[in-house]
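Scroll down for the structure; my scribbles are underneath it.
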Amino acid sequence: EIITSDWSSDVCSSDLVIGFGTGAIEIKSGYGLSTEDELKMLRVIKRLSQATPATVKATFLGAHAFPQEYKNGREDEYIDLLCNEMLPKVAEQQLAEYVDVFCDKGFFTVEQTARILETAQKYGIRGKIHANELDFSGGVQVGVRYNALSVDHLESSGKKEIEALKGSETMPTGLPGCSFFLNLPYAPLKQMINSGLSVALATDFNPGSTPSGNMKMVISLACIKMRLTNYQDRKSVV
């Protein structure tokens with residue numbers, strides 16, 4: 001049984017989400033978007049991991065969005081900063097187990113995502129992807145190509161994404177709380193299960209789109225809106 005919570009670094013006490021049924025917490029940076037601020041967040045996450053009985057994993061999400069000064073034609077300069085300065089320092093200071101990229105419409109392209117994941121691999125940091133929350137972005141496919149641990153969100157997914165995931169080590173992760181709060185479609189986890197894939201659920205607990213760390217609510221939404229049950233031929237991981 002895997003029960004996880006995606007917990008942004010500026011949200012409340014781990015005791016609260018533990019009480020809601022969370023056994024492991026992933027905390028992401030991504031709210032500073034500068035080298036100094038991203039490293040500061042990751043250092044705070046490291047301290048938090050030492051202060052809670054829950055399992056805590058740190059993820060570097062410098063590719064959460066483009067800072068204002070790097071928009072309008074300077075996006076690739078920010079990719080240079082991520083790959084040439086941020087990632088080397090994150091690796092040197094051993095501050096993150098994973099690197100995440102928001103590969104979606106209006107955010108990071110497949111090509112930019114590939115460069116970040118390839119750089120992370122050189123430093124021994126495994127990738128994860130914010131994939132297909134807003135559109136059919138190619139995020140699932142690039143995640144599989146670079147052996148990402150997971151592709152998360154998947155609200156815009158279909159046959160091509162399911163085929164890409166088959167035979168891979170990448171876990172499709174649904175975040176029904178995000179669909180609930182933002183009124184988005186729900187990820188087609190049922191179809192994925194019927195295609196032979198295992199799936200996971202997480203809270204996506206963050207102040208911007210999913211202000212709930214209640215894993216019991218996530219499971220309820222998955223059962224009601226995604227038509228899952230707590231037992232799906234051993235394929236559904238909740």
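We're numbering straight along the sequence, starting at 1. Being a predicted model, the structure only gives us computed values, none of them experimental.
With respect to L117, the side-chain contact (heavy atoms from CB on, under 4.5 Å) criterion is satisfied by exactly one of D100, I129, N147: I129. For the ring-ring contact (aromatic ring centres under 6.0 Å, His included) criterion with H64, the lone passing option out of Y31, Y78, F107 is Y31. Of the residues L61, I45, V99, the one that meets the side-chain contact (heavy atoms from CB on, under 4.5 Å) test with K28 is L61.
Closest approach of E97 and V56 over heavy atoms only: OE2-O, 4.3 Å. Taking every heavy atom of both residues into account, A131 and V151 meet most closely at CB-CB, 4.1 Å.
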Steps toward side chain to side chain contact (heavy atoms under 4.5 Å, CB included) verdict (M192, S157): CA-CA 10 Å; M192 292 180 180; S157 297; 4.2 Å; yes
Counting only pairs under 3.5 Å, give me each side-chain donor-acceptor contact of residues 213-224, with atom names and distances, residues two or more places apart or in other chains.
unit_1	atom_1	unit_2	atom_2	d
N214	OD1	K216	N	2.9
N214	OD1	M217	N	3.2
S220	OG	K216	O	3.0

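S137 places no side-chain N or O within donor-acceptor distance of the main-chain N or O of K105, the cut-off being under 3.5 Å. Remark: side-chain polar atoms of E163 are not paired, donor with acceptor, to backbone N or O of K160 under 3.5 angstrom. With hydrogens and angles ignored, the 3.5 Å screen pairs a side-chain donor or acceptor of T113 with a backbone N or O of T109. Listed for the E38 side chain is a donor-acceptor partner under 3.5 Å among the backbone atoms of L33. Here the side chain of T52 pairs a donor or acceptor atom with the backbone of A54 at under 3.5 angstrom. In this structure, the side chain of E77 does not engage the main chain of E75 through any donor-acceptor pair within 3.5 Å.
In this structure, D80 pairs ionically with R115, as a charged nitrogen and a carboxylate oxygen lie closer than 4.0 Å.
The number of heavy-atom neighbours closer than 6.0 Å to CD of E169, taken from other residues, nucleotides and ligands shown, is 12 or below. Atom CD of E85 has more than 12 neighbouring heavy atoms from other residues, nucleotides or ligands inside a 6.0 Å radius.
Using a 4.5 Å heavy-atom cutoff, the side chains of F181 and S212 are in contact.
For F108 and F66, the ring centers are positioned less than 6.0 Å apart.
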